[in-house]
Amino acid sequence: GKWSTDIPEGGVVKGTPVTVTYTGSKKVIGVKAEKVAVPAAAEGHALSASAVGEIVGSDGNVYAVADKDNLPEGVTAVAMVAYKSATAGSRLAIALAEEGSMNWNSAKSTCASKAAIGGKSWKLPTKDEWDQMFSANGGSTGLKTALSAAGGASSTLQNGYYWSSTEAIIDPEDDPYEAWLYSFGEGRWYYDDMGNGYQVRACLAF
């Protein structure tokens, strides 16, 4: 507690001047600087070898959740693998960030316009895809918990309504002006007019 320094948390490179201050009562003979090894950046693996709960980086590789704060330089976490088929090997990864509230058509176009990751395009999840992600994480509450652990924002899957891309055709003779949406607050599906505004979360299918 008698020592203070202006060395930043990440350390400094050789040759960088730093200030070390001692406020104690003992006589200081000298100060020695020692090199400390910096942990190597995490090594990712291919999307095709990912497991539920792992994070997807902006470089198209997948990393363990424990490595979310030690990704390679320039790489950010963008999604979490939320579903893996036991048979076909297909997977879904849900975005860590919200897209905001908007109508159904805007929701689909906003998701589709996001920059591709690892050659895979973003999309608005279908009703079945939402259900698959719920099932793989022990329900909608489990999906929220897993996303928070993966580094999702504090607002990760708010207790509101989220669009799916699935049209709700209630009367086969009517034009489909409604679509399915999921209530995280109530834990159930609803359908509503496509022109209304609800929350949006993109996903990657690969």
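The structure displayed is predicted, hence computed values, not measured ones. Hydrogens, waters and symmetry mates play no part in the numbers below; they use all other heavy atoms, side chains included.
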Would you kindly confirm whether [X] and [Y] end up in one hydrophobic cluster when ILVMFWY residues are joined by side chain heavy atoms under 4.5 Å apart?
X      : Y      : result
Leu181 : Leu124 : yes
Val62  : Phe206 : yes
Ile94  : Val200 : no
Val20  : Val12  : no
Leu92  : Leu143 : yes

For a side chain to side chain contact (heavy atoms under 4.5 Å, CB included) check, start with the C-alpha distance between Lys108 and Trp163, then their side-chain angles and the critical distance, and finish with the verdict. CA-CA 9 Å; Lys108 292 204 304 178; Trp163 280 122; over 6 Å; no
With respect to Tyr182, which candidate in Phe134, Tyr198, Trp130, Tyr191 satisfies the ring-ring contact (aromatic ring centres under 6.0 Å, His included) definition?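 For Tyr182, the ring-ring contact (aromatic ring centres under 6.0 Å, His included) test succeeds with only one of Phe134, Tyr198, Trp130, Tyr191, which is Phe134.
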Would Val31 and Tyr22 count as a side chain to side chain contact (heavy atoms under 4.5 Å, CB included) here? Give the steps. CA-CA 10 Å; Val31 177; Tyr22 175 67; over 6 Å; no
Quick one about Asp59 and Asn61 (side-chain donor to acceptor, distance below 3.5 Å, no hydrogens or angles considered), yes or no? yes
Does a donor on one side chain and an acceptor on the other come within less than 3.5 Å for Glu186 and Tyr161? yes
Test item: Tyr63 and Pro72 side chains (from C-beta on) under 4.5 Å apart, heavy atoms: yes
Met80 and Val65, any side-chain heavy atoms less than 4.5 Å apart: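 No. Closest side-chain heavy atoms not under 4.5 Å.
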Report the residue from Leu147, Thr76, Val78 that forms a side-chain contact (heavy atoms from CB on, under 4.5 Å) with Leu96. Leu147
Salt bridge check, Glu98 against Arg201: does any charged N sit closer than 4.0 Å to a carboxylate O?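 Salt bridge: yes.
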